[in-house]
There are 2 protein chains.
Amino acid sequence: MAGATAPEPRLRADAERNAEQIRRAAIDAFHGRGLTVPLEEVAKVAGVSKGTIFNRFGGRIGLIEAVIEEVVATELYAIMDRTRSIGEPGERLRYYVTAVRDLQYRQPALVDTMLQVYPDSENLMAICHAGTEIHEELVTAGQSCGALRPEFTAEDLQVLLHDSALALKHGTRPRRADYDRRTTYLLDGIHAP
Amino acid sequence: MAGATAPEPRLRADAERNAEQIRRAAIDAFHGRGLTVPLEEVAKVAGVSKGTIFNRFGGRIGLIEAVIEEVVATELYAIMDRTRSIGEPGERLRYYVTAVRDLQYRQPALVDTMLQVYPDSENLMAICHAGTEIHEELVTAGQSCGALRPEFTAEDLQVLLHDSALALKHGTRPRRADYDRRTTYLLDGIHAP
DNA sequence: CCACAACTTGACTCACCGAGTCAGTTTACC
DNA sequence: GGTAAACTGACTCGGTGAGTCAAGTTGTGG
């Protein structure tokens, strides 16, 4: 019962090396250009051919599953943890929205994740699900302490962040200062009057 | 000097009839599905073949130029007029944003117009330009009377409405009540504290 | 050192989707 | 009824990137 790790027959040394280079290249490429970057580009950076990515990972979904942790999950989950550690519900929500908008701005991959560009990836959907959950917590708490307008729903929060993602995906990338200023408009708009 | 109307040699009766049917079909189709509706679909509704649209209008841009007035320009300009007739700057801005968001919701063609999907259409660009102008007026007035937060810029307003358009274009269409509620969040977010 | 399985390669096929074309046909008009 | 105008719709094109696979290369165990 010792080897519960992998049913896969060991890879040859060169294959192992290539797989690792592909992973690293994918992390870089996903960071820089989002999850939709052409696989050929990932291959080029990794110094292999496109076919090798298919051999090793089975395609884009497999590759995403293999690296999404390092690309966005870790950072996003850290935000959720820090959020939950904040006592005051109003401040908690403010922190969360600000931090997610910040991460969206810095990481196109988070945008693609939140837009559910690849609904076939289980890991991706798990991340979205975690998002939905914390949104419900935040809204419930925010309302019971009167920090949020009473008609504001968890779906509103979902949509707000989804629309943020859309703007970054399809719009012109704003200067950072403008983006941050607009974050405060959003926050003030959902705050209790 | 009487005939300054058209240098075009008169169309044959059938061509004239078809052109009119195409115009009507285009207005319908643009209303229902936005300016990006496949021309083949417009042709089908008009009861002609795609080729005829090219014969008569030269392609999508020409067709848009021929009908954009009835599709969105009239309604949008009416909004601008009514906006300018409102005395109180705060209320003026509130009316404008609400009315434009309403029209965006009802008319996918306005969304496409504001997203500048066809920058080659002069009429379309003229509409955008008119938008930019009124945005500047509104923000200047709104600020000098203290209804708007002082850091809010005309570009912020532009982006706000642009992002609204993006959300409708690429997102899931919200129920009307949800959409309207979110309009009030936006308005409250840009209002002076 | 060799034999062979594992691995890599990159040119190829596929799919998508609608714009725009044009040779052949139909139709209005004189 | 002759002719030019108009219509048709099958066809080409374009751009992009996923996914395949026959042929070539390389690591490895004996």
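In what follows, every heavy atom counts, from backbone to side chain, and hydrogens, waters and symmetry copies are set aside.
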Shortest non-hydrogen contact from A/A29 to A/V37?
-> CB-CG1, 4.0 Å

Separation of [N] [atom2] from [X] [atom1] (nearest whole Å):
{"X": "B/R10", "N": "C/dA28", "atom1": "CZ", "atom2": "C1'", "answer": "15 Å"}
{"X": "A/Q21", "N": "C/dT8", "atom1": "CD", "atom2": "P", "answer": "10 Å"}
{"X": "A/F57", "N": "C/dT8", "atom1": "CZ", "atom2": "C1'", "answer": "15 Å"}
{"X": "A/L11", "N": "C/dA5", "atom1": "CG", "atom2": "C1'", "answer": "14 Å"}
{"X": "B/L63", "N": "C/dA19", "atom1": "CG", "atom2": "C1'", "answer": "13 Å"}
{"X": "B/I53", "N": "D/dA6", "atom1": "CD1", "atom2": "C1'", "answer": "15 Å"}
{"X": "B/R17", "N": "C/dT27", "atom1": "CZ", "atom2": "C1'", "answer": "10 Å"}
{"X": "B/E41", "N": "C/dA19", "atom1": "CD", "atom2": "P", "answer": "10 Å"}

Under 3.5 Å, which protein N or O atoms sit close to an N or O of nucleotides 10-18 of chain D? Give each pair with its distance.
residue: D/dA18; atom: OP1; partner: A/R60; partner atom: NH2; Å: 2.1

Would you say [N] has OP1 or OP2 under 4.0 Å from some side-chain N or O of [X]?
{"X": "B/T52", "N": "D/dA6", "answer": "no"}
{"X": "A/N18", "N": "C/dT8", "answer": "yes"}
{"X": "B/R56", "N": "D/dC7", "answer": "yes"}

Side-chain heavy atoms under 4.5 angstrom apart, residues restricted to Ile, Leu, Val, Met, Phe, Trp, Tyr: same cluster for A/L76 and A/L168?
->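 A/L76 and A/L168: one cluster.
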
Do the side chains of B/L110 and B/L166 join up, straight or via other hydrophobic residues, at under 4.5 Å, putting them in one cluster?
-> yes

Among C/dT8, D/dC7, D/dG27, which is the nearest nucleotide to the side chain of A/R12?
-> D/dG27

ring-ring contact (aromatic ring centres under 6.0 Å, His included) contacts touching residues 76-104 of chain B (sequence neighbours left out) =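 Every ring-ring contact (aromatic ring centres under 6.0 Å, His included) pair that includes a residue of residues 76-104 of chain B, provided the two are not neighbours, is B/Y96-B/H135.
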
With a cut-off of under 6.0 Å to the ring centre and 45° to the axis, is B/R149 in cation-pi contact with A/Y185?
->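 Verdict for A/Y185: no cation-pi partner in B/R149.
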
Contact class for A/N55 vs. all strands (heavy atom < 4.0 Å): base, sugar-phosphate, or nothing?
-> base

Residue of the set A/I22, A/V42, A/V71 for which side chain to side chain contact (heavy atoms under 4.5 Å, CB included) holds with A/I27 |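 Answer to the side chain to side chain contact (heavy atoms under 4.5 Å, CB included) test with A/I27 among A/I22, A/V42, A/V71: A/V71.
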
Is the shortest distance from a Lys or Arg side-chain nitrogen in B/R24 or B/E20 to a carboxylate oxygen in the other one below 4.0 Å?
->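 Salt bridge flag = yes for B/E20 with B/R24.
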
If you pin A/D14 and B/G59 to their nearest nucleotides in DNA chain C, which one's is more 5'?
->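 Result of the comparison: A/D14.
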
